[in-house]
Amino acid sequence: MWKSIQGAPPDSILGLTEAFKNDPNPAKVNLGVGVYKTDDGATPVLNCVKDAERVLLGTEASKSYLPISGDPLYSSCVQKLLFGADSDVISSARAATAHAPGGTGALRIGAELLKTFHSDSHVWVSNPTWANHNGIFTAAGFQLKSYPYYNPATKGLNFDEMLDCLKEIPSGDIVLFHACCHNPSGVDLYADQWQSVAEIAQQRGFIPFLDFAYQGFGSGVEEDRIAVETFADAGIDFFIASSFSKNFGLYNERTGAITVVSPSAAESAVAMSHLKKTIRVCYSNPPAHGGLVAKTILSEPSLEKAWRGELKEMCDRIVAMRTAFVDGLKSRGIDQDFSYIKAQRGMFSFSGLDDQTVNWLREHKSIYVVGGGRINVAGLTSQNIDYVCDAVAESLNR
Ligand code: LMR
């Protein structure tokens, strides 16, 4: 079957991890995939997760199937985190949430569901966006278009051009937004800018789809809800793909959720019926463990408090490494101003390094950076920061 078929290229992000693992250089540094590391370079299980697992070990009574949409208590915990416990979205039952295998699974289920009813629509993604967005929506059968987002000259948001483009998007098209910690740029919208976007969505009738993979890594768990809250207040239909991979460190448990918000409870019930129909033919029902862990933490105040503390520790270390990186480059006499890296939010730094430099760093220094110059700041540690800064300085002074 495969004799005349060419191999597929490696994934632009996860493929780097494979190459990194095979690299024999002891000095190698993986700044590719968005996975948190401690200053020792480890990605440990959070203490609150270990505590929740200890509880589960004693109480879990069955491995029978979960409902198609997952455990209702998990969905309720997800909704409280997404909207806030007092949100009118929850009290008016306007949201349908299904447990999905990670943020990617949530995006794909949302895409499949949308394809059923909007087969001729385009999906609009920010320029640039997470590489897998293109893959997921294309695989679901959509044609993609992009709207202006990042301005490489100012290292900031291209807001006016973005709005001009959104104003032309037809009703029924789908527009993908990063709710916070834009991947790869780390550049987010302010509250009033989200308000303008929501007003345009309302006027034009396009369907916003929020990718919310980094709640808590921007300004805080509550503060990072701003996009979700703004679209919810607009009373329009929209989708949210959320994930516990990063903020709970549950990467390999594939723990996320797809949430469809509607103007009324009756519409939400219809949305849920179609979510279930879509999930049933994709993977039948979700894997349980990660959802059990997240639910256990979020429904037990002492565990939730511990989680918030650990999340803050992760964020504080990332912020400290941003400063160390910028200062490290400056102290090596590099002319280029990298201070914008300190203002970027989330796990990534859109470093401004071009693909030639990215390739040179990999080839000569075994430093792995995603094409386009995205660096996982959480991969920098006090042990590798000097090596990385020396290498970047050398590559820029070539
Ligand atoms: C990333 O952007 O590095 C993460 O979201 C991991 C992934 O699946 O690409």
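Read the numbers this way: they start at 1 and go in the same order the structure lists the ligands and their atoms.
- Residue Asn132 places every heavy atom at 4.0 Å or more from ligand 1.
- Look at Arg374 and you'll find a heavy atom under 4.0 Å from some atom of ligand 1.
- Annotation: Phe137 is in aromatic contact with Phe209 [ring centroid separation under 6.0 Å].
- Residues Ser64 and Ser62 have side chains that never bring a donor and an acceptor to within less than 3.5 angstrom of each other.
- Screening Val377, Leu380, Asp327 for a side chain to side chain contact (heavy atoms under 4.5 Å, CB included) with Arg322, the sole residue that qualifies is Val377.
- Heavy-atom distances between Tyr214 and ligand 1 reach below 4.0 Å in at least one pair.
- On a distance-only criterion, Gly34 and ligand 1 share at least one N/O pair closer than 3.5 Å.
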Mind running side chain to side chain contact (heavy atoms under 4.5 Å, CB included) on Thr230 and Asp233 for me, showing each step along the way? CA-CA 5 Å; Thr230 310; Asp233 288 348; 5.9 Å; no
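- With respect to atom 7 (C) of ligand 1, the closest heavy atom belonging to the protein is Trp130 CZ2, 3.7 Å.
- The distance from ligand 1 to the heavy atoms of Asn183 drops below 4.0 Å at these ligand atoms: 2 (O).
- For the residue pair Arg345/Tyr214, the side-chain donor-acceptor check at 3.5 Å is not satisfied.
- Distance from atom 4 (C) of ligand 1 to its nearest protein heavy atom, with residue and atom name: Lys246 NZ, 3.0 Å.
- In this structure, Phe117 has its ring center closer than 6.0 angstrom to the ring center of His274.
- Ligand 1 places these atoms under 4.0 Å from at least one heavy atom of Val33: 3 (O), 6 (C).
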